[in-house]
Amino acid sequence: MESKYNPTEIEARRYQYWLDHKLFHSTPDGREAFTVVIPPPNVTGVLHMGHVLNETIQDVLVRRARQQGKNACWVPGTDHASIATEAKVIGRLEEQGIHKHDLTREEFLKHAWDWTEEHGGIILKQLRKLGCSCDWDRTAFTMDETRSKAVIKVFCDLYKKGLIYRGLRMVNWDPKFQTALSDEEVIHQDEHSKFYYLRYQVVEEPGKYAVVATTRPETIFGDIAVCINPKEEKNQWLKGKHVVVPGVGRVIPIIEDRYVEIGFGTGCLKVTPAHDMNDYALGQKYNLKTIDIFTPDAHLNMDTVEEELQANVRKYHGMDRFDCRKAIVEDLKAMDLVEKIEDYENKVGYSQRSNAVVEPRLSLQWFIRMQHFADIALGPVMNDDIVFYPSKYKNTYRNWLENIKDWCISRQLWWGHRIPAYYDADLLAETGWDKYPDDKIIVSETAPEGNYVQDEGALDTWFSSWLWPISLFDGIEHPDNDEIKYYYPTADLVTGPDIIFFWVARMIMAGYEYQGKMPFKHVYFTGIVRDKLGRKMSKSLGNSPDPLVLIDQYGADGVRLGILLSAPAGNDILYDDALCEQGRNFCNKIWNCFRLIKGWETADTEASMGDREAVTWFTLLLAKTEKEIDDLMSKYRLSEALMLIYKLFTDEFSSWYLEMIKPAYGQPICQKTYDSTLIFFERMLRLLHPFMPFITEELWHNIAEREDGATIMSADTMDWNADELIAMDPKGEFLQKIEDMKQVITGVRNIRASKNIAPKEQMTLIAPVEVSELVRKLANCTIEVGKEKPATAASFIVGTTEYSVPLDQFINVDEELQKLQADLEHQEKFLKGVMAKLQNERFVQNAKPEIVELERKKQHDAEQRIKTIQESIAALKK
RNA sequence: GGGCGCUUAGCGCAGCUGGUUUAGAGCAUCUGCCCUACAAGCAGAGGGUCGGCGGUUCGAAUCCGUCAGCGCCCACCA
């Protein structure tokens, strides 16, 4: 075996082994089910660091569940990602000189499917490189037949229940992709913009102006009124008057509403019902008409402006909204209708997908009534039927549900599930879409007979995602089938907090609506992977490493370990290659441990006293660590659990235990000790396996003969009961004894280091009581018990016991005295602190007796130590 | 504007209902070592008045208040 672990070949071989033996495949049986559904990545996406974090955590949970004897089933799949994919397909077609709207829906979908098949599933292949133990036989897609049927069925069902409706509403409109968005798809960002103060001439008082402050002067073409607060003093004179929209010439009334905030801006608000959510509300309240001045791609459309005003506005026709903003301001300036322009900070809504500025737009869309769902989904999370890790997200969740708004689920896209609503063709021709009567719409899973036209829209991607934990097991079409009954509810959901509303909350809603049960019992929210400067990783910054390159460099286990080591639930990770390096180094450590052990010859001799101590000690320590890891894992503290095993392996096992039992060069090791060592090694491999699957499976097959198809993922059947083992040393006295012994060894090594004495050179240790022969072995010294220490000795204290090492020519009395003096001061200061407590009557009276007792012991020990140090000082001074 | 959370060694963190030899690991740093498992390593070491101030208490990193800084989520002040 090479002295360096080489992951590439082993990873490929081990993964194939798992696949060949169908070790990830699950079918219902008598065992407890442990189900995880993957947050489906975009079908055409590629693996990034966020996935690495997310999927690694899921794999850890799933593999561990298998080891616990559960029937683990991790279902993979991909999401059709309606907007994102459609955009990519459009982009590719544009490159070929083809425009989407030159194609029929069918032609476009053909291209989209081609693209999906070409790029789809790349990410799933990449997950295999990472070691993900998904049940690939179950791979699903949100637009495959089963999932699509579920979506359509649910739509129809909710429509029947009156929970889905069609309505003309102000929605968030993405002018780039020309579709409606849900509120959640709009990202509000702070913006440095301008506040324009425009003069609206008052008709009744020529020469006087109402000044309106706006951030969007380009919308004045749609102004229908100017609103003031009836209580605002300075604007009283405007009551009942009319003003002229500057540059447009439209005469509009002054209206009054308390919505206008007194003291803000000029107190005059321009009302543009077609292009602002609030203005729309005002328009409704006062029955104002709307003039929509934008095309779907947010260019100016002057055709909607009154004919008599066309001459004034025609020049703006067809302009982009932002170009128009500049143009109209310039023109108004020329007419002296701009009073001033101020810098202004405000929030602007951007489309999550296209990054275009969202335009509020009046449009006919499909919505879900969300209050019903909020009602069924709030309780289970608040009372921890579904547990969030970390729990702080409960607040976020509650906040959203308590202020729920209806969900706009229709998109003006082709790639997605087409809305199963049908319109009578003749009637539609008569009424148009807007005026088509609701009661003449047929919502049905299959197209009705006759001359009907299907709704042009597709559904929001999340409308299929919210069914994922159910639809993966065909639980919508067949709510009582064996699989859904066995695998649902799933165990853990691992995802980012950024999709708590998009996905997590809605899955809970759908879960209760369609299965009457929670979709998962635990939700583990990961943090965001950032670069080491704390910046979010993004393609545009180019600060996101390619996980596959990292896997090549550090091995999948190394990358997994790196990303997990510093990833407490909900905390962001500052990614640094150094993390993967640490992971790789650890793999190497394990590898070399194995080489060492494997290289030993065994002999059927009696175990030495030292061996027996070492074995007993490590047995206790391992059992104790196993329990601690169980506890940490049950609290989803994965990085802490991992760190605990890491330390157990590197510090306790490699640095201490192996050195304790290591036979002299060329000598054999006692068979019994060897067997115990292999057991320890195997148990640690098992503990490590969920985190680093490849190397552990490989070595597991190397430490013993295994049947073909056997795996480290199998349930633990070793004769090993941690609780019973720990009970052998109920008060931890033996463990403490070894810890003290390690300190003695460190003490000697310390002296060596400070005196530059080579490890090879044997030293003498004077101890007041018998010490383990392991001290002799690990500190390379002879031990003299109870011997008077010579003046030229360096000493150290473990607990209250003094040990000394004669140094003869190496001693530096001044240095030694200085050290002792410093130690003495430290101890005296400590004692003083303890005494202060003990002399405080209120402490002695009020504190718990065991606390007082402890302080007394501290006092006693400190006094003991002080005495010892003083004696040493005296001896040295002689 | 509302809500939530954070502030502990150079860095990113742990420290649960206050008391466990006067704050813990990891990484990084420093010193010495190629000692026949591993230099992707070994043996040692240094480093923090627990954001500031006030309070409760015999006792506070831990509880309460307040101030400051940071972050996240939600929200229609044009």
**Message:** Under 4.0 Å from OP1 or OP2 of rC38(B): is there any side-chain N or O of K4(A) that close?
**Reply:** no
**Prompt:** Hey, does S639(A) reach any base, or is it just sugar-phosphate, or nothing, if we go heavy atoms under 4.0 Å?
**Reply:** nothing
**E581(A) CD - rA39(B) C1' separation (whole Å)** = 13 Å
**Prompt:** Could you go step by step and tell me if F388(A) and Y393(A) meet the ring pair (Phe, Tyr, Trp, His ring centres under 6.0 Å) rule?
**Reply:** CA-CA 7 Å; F388(A) 281 9; Y393(A) 289 113; 7.7 Å; no
**Asked** Roughly how far apart, to the nearest Å, are rC63(B) and rC70(B) at atom C1'?
**Response** 24 Å
**Message:** Any base atoms under 4.0 Å from K598(A), or only sugar-phosphate, or nothing? Heavy atoms, all strands.
**Reply:** nothing
**Prompt:** More than 12 foreign heavy atoms under 6.0 Å from NZ of K598(A): is that the case here?
**Reply:** yes
**Asked** If you count the non-hydrogen atoms of other residues, nucleotides and ligands that lie under 6.0 Å from NZ in K234(A), is the total more than 12?
**Response** yes
**Message:** At 4.0 Å (heavy atoms only), tell me whether D279(A) reaches a base, stays on the sugar-phosphate, or touches nothing.
**Reply:** nothing
**Prompt:** In Watson-Crick or G-U wobble terms, both distances under 3.5 Å, what is the partner of rG32(B)?
**Reply:** rC42(B)
**Request:** Verify the contact: side-chain N or O of R584(A) to OP1 or OP2 of rG41(B), cut-off strictly under 4.0 Å; return yes or no.
**Result:** no
**Item:** K647(A), nearest nucleotide to its side chain (from rA40(B), rA37(B), rA25(B))
**Value:** rA25(B)
**Asked** Nearest nucleotide by nearest heavy atom, which residue falls closer to the 5' end of RNA chain B, L574(A) or M643(A)?
**Response** L574(A)
**Asked** Looking for any heavy atom pair under 4.0 Å, which part of the strands does R752(A) touch: base, sugar-phosphate only, or nothing?
**Response** nothing
**Prompt:** For the pair made of CG in L644(A) and P in rG24(B), what is the distance, rounded to whole Å?
**Reply:** 17 Å
**Asked** Which part of the nucleic acid does A847(A) contact within heavy-atom distance under 4.0 Å: base, sugar-phosphate only, or nothing?
**Response** base
**Prompt:** With a 4.0 Å cut-off on heavy atoms, is T746(A) in touch with a base, just the backbone sugar-phosphate, or nothing at all?
**Reply:** sugar-phosphate
**Message:** Does this structure show an ion pair linking D631(A) with K635(A), if we count only N-O contacts that are shorter than 4.0 Å?
**Reply:** yes
**R216(A) with D276(A): basic N within carboxylate O range, under 4.0 Å** = no
**Item:** With sequence neighbours excluded, residues passing side chain to side chain contact (heavy atoms under 4.5 Å, CB included) with H188(A)
**Value:** V186(A), K347(A)
**Request:** Measure from the side chain of A753(A), starting at C-beta and using heavy atoms only, and say which of rA37(B), rG26(B), rG44(B) lies closest.
**Result:** rG44(B)
**Complete:** Against the side chain of K858(A), the closest entry in rC35(B), rA39(B), rU20(B) is rU20(B)
**Message:** Tell me which nucleotide, if any, is Watson-Crick or G-U wobble paired with rG51(B) when both distances must be under 3.5 Å.
**Reply:** rC67(B)
**Asked** To the nearest angstrom, how far is M382(A) atom CE from rG3(B) atom P?
**Response** 16 Å
**Message:** Would you measure the distance from the P atom in rC72(B) across to the matching atom in rG12(B) and give it in whole Å?
**Reply:** 15 Å
**Asked** Are K340(A) and Y197(A) in a cation-pi contact, defined as NZ or CZ under 6.0 Å from the six-membered ring centre and within 45° of the axis?
**Response** yes
**Request:** Using a strict 4.0 Å threshold on nitrogen-to-oxygen distance, state whether K742(A) and E652(A) make a salt bridge.
**Result:** yes
**Prompt:** Under 4.0 angstrom, heavy atoms only, what part of the nucleic acid is R749(A) near: base, sugar-phosphate, or nothing?
**Reply:** sugar-phosphate
**Asked** Does A281(A) offer a backbone N or O that forms a donor-acceptor pair with the side chain of Q284(A) under 3.5 Å?
**Response** no
**Complete:** Between N585(A) and N756(A), the residue closer to the 5' end of RNA chain B by nearest nucleotide is N756(A)
**Request:** Measure from the side-chain heavy atoms of N395(A) and tell me the nearest of rU36(B), rA37(B), rC4(B).
**Result:** rC4(B)
**Message:** Heavy atoms only, 4.0 Å cut-off, all strands: where does I851(A) land among base, sugar-phosphate and nothing?
**Reply:** base
**Prompt:** Taking atom C1' of rC4(B) as reference, at what distance in whole Å does atom OH of Y397(A) sit?
**Reply:** 17 Å
**Asked** Reading nucleotides 70-78 of chain B 5' to 3', which nucleotides get B (base under 4.0 Å from a protein heavy atom), which S (sugar-phosphate only), which -?
**Response** ---SSBBBB
**Request:** Pick the C1' atom in rC30(B) and in rA61(B), then give their distance to the nearest Å.
**Result:** 28 Å
**Complete:** E659(A) CD to rA43(B) C1', in whole Å, measures 11 Å
**Request:** Choose from rU22(B), rC38(B), rC42(B) the nucleotide whose nearest atom is closest to any side-chain atom of H826(A).
**Result:** rU22(B)
**Prompt:** With a 3.5 Å cut-off and just heavy-atom distances, do the side chain of K589(A) and the base of rC38(B) make a donor-acceptor pair?
**Reply:** yes
**Asked** Separation of N750(A) atom CG from rA45(B) atom C1', in whole Å?
**Response** 8 Å
**Message:** At 4.0 Å (heavy atoms only), tell me whether R865(A) reaches a base, stays on the sugar-phosphate, or touches nothing.
**Reply:** base
**Asked** Do the charged groups of R199(A) and E339(A) touch, with an N to O distance under 4.0 Å?
**Response** yes
**Prompt:** Which base, if any, makes a Watson-Crick or G-U wobble pair with rG19(B), both distances under 3.5 Å?
**Reply:** rC58(B)
**Pairwise P distance for rC6(B) and rC64(B), with rounding to whole Å** = 11 Å
**Complete:** As its Watson-Crick or G-U partner within any shown strand, both distances under 3.5 Å, rC72(B) has rG3(B)
**Asked** Parallel, tilted or perpendicular for F649(A) and F586(A), by the 30°/60° rule?
**Response** perpendicular
**Request:** Could you please name the partner base of rC27(B), counting Watson-Crick and G-U wobble pairs only when both distances are under 3.5 Å?
**Result:** rG10(B)
**Item:** For atom CD of Q582(A) and atom P of rA40(B), their distance in whole Å
**Value:** 15 Å
**Asked** Which of these nucleotides, rG26(B), rG19(B), rG5(B), is closest to any side-chain atom of K392(A)?
**Response** rG5(B)
**Item:** Candidates rU22(B), rG19(B), rA37(B) - which lies nearest the side chain of L658(A)
**Value:** rA37(B)
**Message:** Distance check needed: rU22(B) P versus L838(A) CG, whole Å only.
**Reply:** 16 Å
**Asked** Expressed in whole Å, how much space separates the C1' atoms belonging to rA25(B) and rG32(B)?
**Response** 24 Å
